[in-house]
Amino acid sequence: MSKNKNEGRVSGGPSPVRARIGRDVSSRLEANPDVRRAKTDAAQMYTCPDFLSADECDTLIELIDSNSRPSTLLAVSQDPDYRTSHSSDLHRWSEEILTIDRRIADLLGIPEENAETLQGQRYAVNQQFRAHCDYFQESSDYWPKMKETGGQRTWTAMAYLNDVPEGGATWFPRAGIRFKPKRGLLVVWNNMTPDGTPNYDTLHEGMRVLEGTKYIVTKWFREGQWIKDYIQTYVAGGIENAPGTD
Ligand SMILES: O=C(O)CCC(=O)C(=O)O
Ligand SMILES: [Fe+2]
């Protein structure tokens with residue numbers, strides 16, 4: 001019998017729920033004239049140029065600059081150079097973020113409650129995010145907690161907020177595809193194979209920035225509800241908060 005190419009790389013098998021999400025989202029994206037399928041058969045991967053306006057990109061850059069901390073990893077890495085960027089958990093209930101969050105969720109057709117809070121990232125020269133997969137390892141110590149908070153990460157949506165003079169591409173070495181940062185461009189991919197198994201071919205890397213600063217926002221969608229008790233609190237000027245989201 002041939003060896004599974006993912007052996008040792010992926011914990012988690014086929015799943016009808018994740019397979020259905022993959023089918024629903026990809027058919028919705030394929031019906032959208034603004035969306036293009038990326039040229040790879042290794043994963044379901046799409047792009048949407050100019051998804052964010054220049055003004056939206058500027059607003060997000062300002063928010064990231066005003067509120068960031070060194071990026072972290074779920075699993076411990078021996079390599080201090082693994083993820084050297086700064087991250088920013090953007091305030092989900094602010095009007096600017098809510099509008100963008102909803103647009104991304106609507107593009108994919110996944111309930112907004114399944115998505116984690118939009119995360120901003122900034123990379124200075126020499127900073128990078130080494131090769132990783134966005135799905136969770138189901139044999140890991142952190143999995144029981146993730147399972148309770150919406151389960152596996154299915155789709156990723158990532159937008160570039162600026163053009164980067166040199167470096168900083170997002171590289172998928174196994175899928176053989178590389179995206180150069182372009183202001184407003186949204187890249188979307190399914191971290192699962194069509195039968196719902198975590199797809200090791202989605203391995204990707206935020207390559208080292210060689211010149212300038214790179215800003216992105218990323219949104220990870222879970223298979224189930226990430227937000228529990230979705231109760232919006234309306235206050236003067238907008239929605240202030242909902243319990244259980246941090
Ligand atoms: O910086 C990039 O291009 C990739 C970021 C990434 O992989 C992530 O946020 O999960
Ligand atoms: Fe990633």
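Order of listing sets the numbers, starting from 1, for every ligand and every atom in it.
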Participant: Donor-acceptor pair, Asp201 side chain versus Ala175 backbone, under 3.5 Å?
Facilitator: no
Participant: Is it true that the side chains of Asp195 and Thr193 contain a donor and an acceptor less than 3.5 Å apart?
Facilitator: yes
Participant: When the ring centroid of Trp189 is compared with that of Phe172, is the distance short of 6.0 Å?
Facilitator: yes
Participant: So if I only count non-hydrogen atoms and take anything under 4.0 Å from ligand 1, which residues does that give, chain by chain?
Facilitator: Gln121, Tyr123, Phe129, His132, Asp134, Met158, Thr170, His204, Gly206, Lys214, Ile216, Thr218, Trp220
Participant: Can Trp155 and Asn191 be said to form a side-chain hydrogen bond (donor to acceptor under 3.5 Å, both in side chains), step by step?
Facilitator: CA-CA 6 Å; Trp155 287 76; Asn191 294 294; over 6 Å; no
Participant: Are Tyr215 and Tyr160 near enough that their ring centres are under 6.0 Å apart?
Facilitator: no
Participant: Would you please test Asp50 and Lys182 for side chain to side chain contact (heavy atoms under 4.5 Å, CB included) and show each step?
Facilitator: CA-CA 9 Å; Asp50 300 316; Lys182 176 96 182 74; 5.7 Å; no
Participant: Taking C-beta and beyond as the side chain, do Tyr135 and Met192 meet within less than 4.5 Å on heavy atoms?
Facilitator: yes
Participant: Could you enumerate the protein N, O or S atoms under 2.8 Å from the Fe ion (ligand 2), written like residue then atom name?
Facilitator: His132 NE2, Asp134 OD1, His204 NE2
Participant: Got a sec: does the CZ of Arg37 have more than 12 other heavy atoms crowding it under 6.0 Å?
Facilitator: yes
Participant: Counting heavy atoms not belonging to Glu62, are there more than 12 under 6.0 Å from its CD?
Facilitator: no
